[in-house]
*Asks:* 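What follows is a single structure, and I will ask about it in a moment.
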Amino acid sequence: MPELPEVEGLAAFLRERLVGRVVARVEVGALNVLKTYDPPTTALHGLLVSGVERRGKWLDVDVDGLHLAVHLSRAGWLRWSDALPRAPLKPGGKNPVALRVRLAPEDDEDPGTPPGFDLTEAGTQKRLAVHVVRDVAQVPGIATLGPDPLDDSFDLAAFRALLAGSRQQVKGLLREQSVLAGVGNAYSDEVLHVAKLSPYAVSGKLPEADVERLYAALRTTLRDAVAAAGGKPAKELKDAKRAGMRVHGRTGEACPECGDVVREVSFADRSMQYCATCQTGGRPLADRRLSRLLK
C-alpha cells in the first residue's frame, strides 16, 4: 500500500503535470471505485486543475474548487501517460483501469491522444476509492485524519500527548490514521526498527527516552523516504520504496544494523518484520499463524 512518502511523491509528480491544465473528460471503468455521486465526475469536465496535495495517504486534486480525492488502498496505483489511447475507456471486463482522467490537449499535443492518468487496481479485493466533493472534509477518511507527522507543528510535545495514557501497542498506534496520518504497515516497521523498539510495546508506558527516540525515528525515516521519492516518475515509486526498506519485506535477510536475521510475525491480512536483537532484547516474538501450523 502506498504510504506517506509514496503519496507525497505522487502528489509532487502530478503537481508538475496537472496544475494549470484543463480536465477534458473523466472516464469510469469500474463503478464501484466511485464513493460519491454528487457532484458527478462530469462536473470536472472543462475545469482547470489548481492544485494537488497529499492528505495522509490520500491524493487531493483540486479542480477549480471541486476535489478529486483518491485513496489507492492496497492494490491501487496511478499510471501516467503522455498520450492516452484514443478509444474511450469501457466499463467492466478484465481491464485493470478503474478511472481515467484525460486532459485537454495543448497546442503541441495530438488532440486524439492527449496526456492524462489512469487509476488502476490489481487483484480481487476492490478497495480503491475515488470521491468527487466540494470540500475535502466531506470525505470521511480525510475528515478523521490525525496530525501529519511531518507537519512543522507536530513537535515532540504533540507526539508525547498522542502516546500519553494509550494502552495500544505502539505498532498499532503508528498505523492508526485517526491518531497519526500517513504511516502504514511498512513504515511503522521501519520506524520501530530505527527506534529500536518492540512493536508490542505499550504506547502509554514508554519511558521518556524511548518516546524521544521514537519521535526522532518517525520524523527522520519519513523525511528520508520523501527525499528518496522526490523527482521520481510515478512508475518508479514502488520499486524505490521496496529498495529503501531496512526490515519490512526482508524476512530471512540480515539486519543492516546488527547482522541478525530479520524475523516476521504473520497475521490474517498482513505481516510485520523486525529484528529481535535490535528491538526485543534477542527474544523472538510469537507468530501465532506459524505456531498453529507446527502443532
*Asks:* Show the nearest heavy-atom pair for residues C258 and C275, with the distance to one decimal.
*Replies:*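 For C258 versus C275, the nearest heavy atoms are SG-SG, 3.5 Å.
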*Asks:* State plainly whether the residues E121 and R127 are in salt-bridge range, i.e. N to O under 4.0 Å.
*Replies:*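 No salt bridge links E121 with R127.
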*Asks:* Got a second to check how far S271's OG is from N185's CG, nearest 0.5 Å?
*Replies:*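 If we round to the nearest 0.5 Å, S271:OG and N185:CG are 6.5 Å apart.
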*Asks:* Between H67 and V132, is there a side-chain heavy-atom distance shorter than 4.5 Å?
*Replies:*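 Side chain of V132 against side chain of H67, heavy atoms only: no contact under 4.5 Å found.
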*Asks:* Donor-acceptor pair, distance only, cut-off 3.5 Å: does the side chain of E190 make one with the backbone of R246?
*Replies:*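 Yes, E190 side chain to R246 backbone: donor-acceptor pair under 3.5 Å.
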*Asks:* Is any side-chain heavy atom of E176 closer than 4.5 Å to one of L173?
*Replies:*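 L173 does not reach E176 side chain to side chain.
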*Asks:* About how many Å separate CG of L47 and NE2 of H45, when rounded to the nearest 0.5 Å?
*Replies:*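 Taking NE2 in H45 and CG in L47, the distance rounds to 9.5 Å.
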*Asks:* Does atom CG of D152 have more than 12 heavy-atom neighbours, drawn from other residues, nucleotides or ligands, at distances under 6.0 Å?
*Replies:*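 Atom CG in D152 is not packed in, count stays at 12 or less.
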*Asks:* Would the distance check show the side chain of E236 and the main-chain N or O of P233 forming a donor-acceptor pair, the cut-off being under 3.5 Å?
*Replies:*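 Not confirmed, E236 side chain does not pair with P233 backbone.
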*Asks:* Nearest heavy-atom pair of M1 and H71: which atoms, and what distance?
*Replies:*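 In this case the closest contact between M1 and H71 is SD-CE1, 4.5 Å.
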*Asks:* Once you round to the nearest 0.5 Å, how far does CG of D210 lie from OG of S203?
*Replies:*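 Reported to 0.5 Å precision, the distance equals 11.5 Å.
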*Asks:* Closest approach of A286 and V265, non-hydrogen atoms and distance?
*Replies:*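 Answer, listing the atom of A286 first, then V265: O-CG1, 3.8 Å.
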*Asks:* Roughly how far, to the nearest 0.5 Å, is CG of D135 from CG of L66?
*Replies:*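 Answer for the CG-CG pair, L66 versus D135, is 11.0 Å.
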*Asks:* Within the 4.5 Å heavy-atom criterion, are E6 and Y187 side-chain neighbours or not?
*Replies:*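 In contact.
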*Asks:* Can you tell me if R15 uses its side chain to pair, donor with acceptor, with the backbone of G51 under 3.5 Å?
*Replies:*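 Flag not set: sc R15 to bb G51 has no pair under 3.5 Å.
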*Asks:* Are the side chain of Q177 and the backbone of V183 linked by a donor-acceptor contact shorter than 3.5 Å?
*Replies:*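 Indeed, once roles are kept as given, a pair shorter than 3.5 Å links the two residues.
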*Asks:* Could you check whether any side-chain N or O of S166 sits under 3.5 Å from a backbone N or O of L163, counting only pairs where one atom can act as donor and the other as acceptor?
*Replies:*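 Not at all, since once roles are kept as given, no pair shorter than 3.5 Å links the two residues.
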*Asks:* Which residue, E253, R250, H248, forms the side chain to side chain donor-acceptor pair (under 3.5 Å) with Q273?
*Replies:*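 Only match with Q273 under side chain to side chain donor-acceptor pair (under 3.5 Å): H248.
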*Asks:* Flag the pair D38 and R134 as a salt bridge only when some basic side-chain nitrogen lies within less than 4.0 angstrom of an acidic carboxylate oxygen.
*Replies:*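 Yes, charged N to carboxylate O under 4.0 Å.
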*Asks:* With a 4.5 Å heavy-atom cut-off, do L14 and W80 have their side chains touching?
*Replies:*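 Contact flag for L14/W80 side chains = yes.
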*Asks:* How far apart are the closest heavy atoms of C278 and C255, and which atoms are they?
*Replies:*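 For C278 versus C255, the nearest heavy atoms are SG-SG, 3.7 Å.
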*Asks:* Between D110 and R86, is there a side-chain N and carboxylate O pair less than 4.0 Å apart?
*Replies:*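 Yes, D110 and R86 are salt-bridged.
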*Asks:* Do V191 and V179 land in one hydrophobic cluster if side-chain heavy atoms of ILVMFWY residues count as linked below 4.5 Å?
*Replies:*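 Same cluster.
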*Asks:* Verify the cluster assignment for V28 and V133: are they in a single hydrophobic cluster under the rule of side-chain heavy atoms below 4.5 Å apart?
*Replies:*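 No.
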*Asks:* Passes side chain to side chain contact (heavy atoms under 4.5 Å, CB included), F13 versus L237? Steps please.
*Replies:* CA-CA 10 Å; F13 176 86; L237 287 171; 5.7 Å; no
*Asks:* Is L78 reachable from V130 through a run of hydrophobic residues whose side-chain heavy atoms are each under 4.5 Å from the next?
*Replies:*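 As far as the 4.5 Å side-chain criterion goes, L78 and V130 are connected within one cluster.
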*Asks:* For atom NZ of K126, is the number of surrounding heavy atoms from other residues, nucleotides or ligands below 6.0 Å larger than 12?
*Replies:*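 Count over threshold, so yes.
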*Asks:* Checking the side chain of E8 only, and the main-chain atoms of V226 only, is there a donor and an acceptor separated by less than 3.5 Å?
*Replies:*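 Side chain of E8 to backbone of V226: no pair is present.
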*Asks:* Can any side-chain N or O of Q279 pair as donor or acceptor with the backbone N or O of L197 at less than 3.5 Å?
*Replies:*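 Yes, Q279 side chain to L197 backbone: donor-acceptor pair under 3.5 Å.
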*Asks:* Please indicate whether K238 has more than 12 foreign heavy atoms, meaning atoms of other residues, nucleotides or ligands, lying under 6.0 Å from its NZ.
*Replies:*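 More than 12 heavy atoms, drawn from other residues, nucleotides or ligands, come within 6.0 Å of this atom.
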*Asks:* Going by atom types alone, do D118 and T120 pair a side-chain donor with an acceptor below 3.5 Å?
*Replies:*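 No, no side-chain donor-acceptor pair sits under 3.5 Å.
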*Asks:* Less than 4.0 Å between a side-chain N and a carboxylate O, is that true for R55 and E53?
*Replies:*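 Between R55 and E53 there is no salt bridge, as every charged N stays at least 4.0 Å from the carboxylate O atoms.
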*Asks:* Would you say V194 and L206 are hydrophobically clustered, going by side-chain heavy atoms of ILVMFWY under 4.5 Å?
*Replies:*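 V194 and L206: separate clusters.
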*Asks:* Starting at OH of Y200, measure out to OG1 of T280 and round the result to the nearest 0.5 Å.
*Replies:*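 Here the interatomic distance stands at 10.5 Å.
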*Asks:* Under a 4.5 Å cut-off applied to non-hydrogen side-chain atoms, are L72 and L119 in contact?
*Replies:*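 Contact flag for L72/L119 side chains = yes.
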*Asks:* Got a second to check how far L68's CG is from L99's CG, nearest 0.5 Å?
*Replies:*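 Here the interatomic distance stands at 6.5 Å.
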*Asks:* Check the pair K171, D189 against salt bridge (charged side-chain N to carboxylate O under 4.0 Å, His left out), reporting the backbone distance first and the verdict last.
*Replies:* CA-CA 8 Å; K171 164 81 174 176; D189 282 352; 2.5 Å; yes
*Asks:* Any side-chain heavy atom of L218 within less than 4.5 Å of one from L180?
*Replies:*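 Yes - at least one pair of side-chain heavy atoms lies under 4.5 Å apart.
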*Asks:* Is a side-chain donor or acceptor of R283 paired with a backbone partner of A276 at a separation under 3.5 angstrom?
*Replies:*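 No.
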*Asks:* What is the minimum heavy-atom distance between A69 and V139, and which atoms define it?
*Replies:*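 Taking A69 first and V139 second, the nearest heavy atoms are CB-CG2, 4.1 Å.
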*Asks:* Hey, are the side chains of Y274 and H193 touching, using non-hydrogen atoms and a 4.5 Å cut-off?
*Replies:*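 Answer no - side chains too far apart.
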*Asks:* Please confirm whether the backbone N or O of G56 pairs with a side-chain atom of R54, one donor and one acceptor, at under 3.5 Å?
*Replies:*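 Looks like yes, one N/O pair under 3.5 Å.
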*Asks:* Could you walk me through whether V97 and E27 satisfy the side chain to side chain contact (heavy atoms under 4.5 Å, CB included) test, starting with their C-alpha distance in whole Å, then the side-chain angles of each, then the deciding distance to 0.1 Å, before giving a yes or no?
*Replies:* CA-CA 10 Å; V97 179; E27 301 169 3; over 6 Å; no
*Asks:* Could you check whether any side-chain N or O of R219 sits under 3.5 Å from a backbone N or O of F154, counting only pairs where one atom can act as donor and the other as acceptor?
*Replies:*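 It does hold such a pair.
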*Asks:* Report yes if some heavy atom in the side chain of L192 is under 4.5 Å from a heavy atom in the side chain of M272; otherwise report no.
*Replies:*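 Result no, sub-4.5 Å side-chain heavy-atom pair not found.
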*Asks:* How far apart are the C-alpha atoms of W58 and H131, what are their side-chain angles, what is the distance that settles it, and do they pass the side chain to side chain contact (heavy atoms under 4.5 Å, CB included) test?
*Replies:* CA-CA 11 Å; W58 290 79; H131 299 245; 3.7 Å; yes
*Asks:* When clusters are formed by joining ILVMFWY residues with side-chain heavy atoms under 4.5 Å apart, either directly or through shared neighbours, do V52 and L150 land in the same one?
*Replies:*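 As far as the 4.5 Å side-chain criterion goes, L150 and V52 are not connected within one cluster.
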*Asks:* Which atoms form the tightest heavy-atom contact between N32 and K35, and what is the distance?
*Replies:*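 Closest heavy-atom pair between N32 and K35: O-NZ, 2.7 Å.
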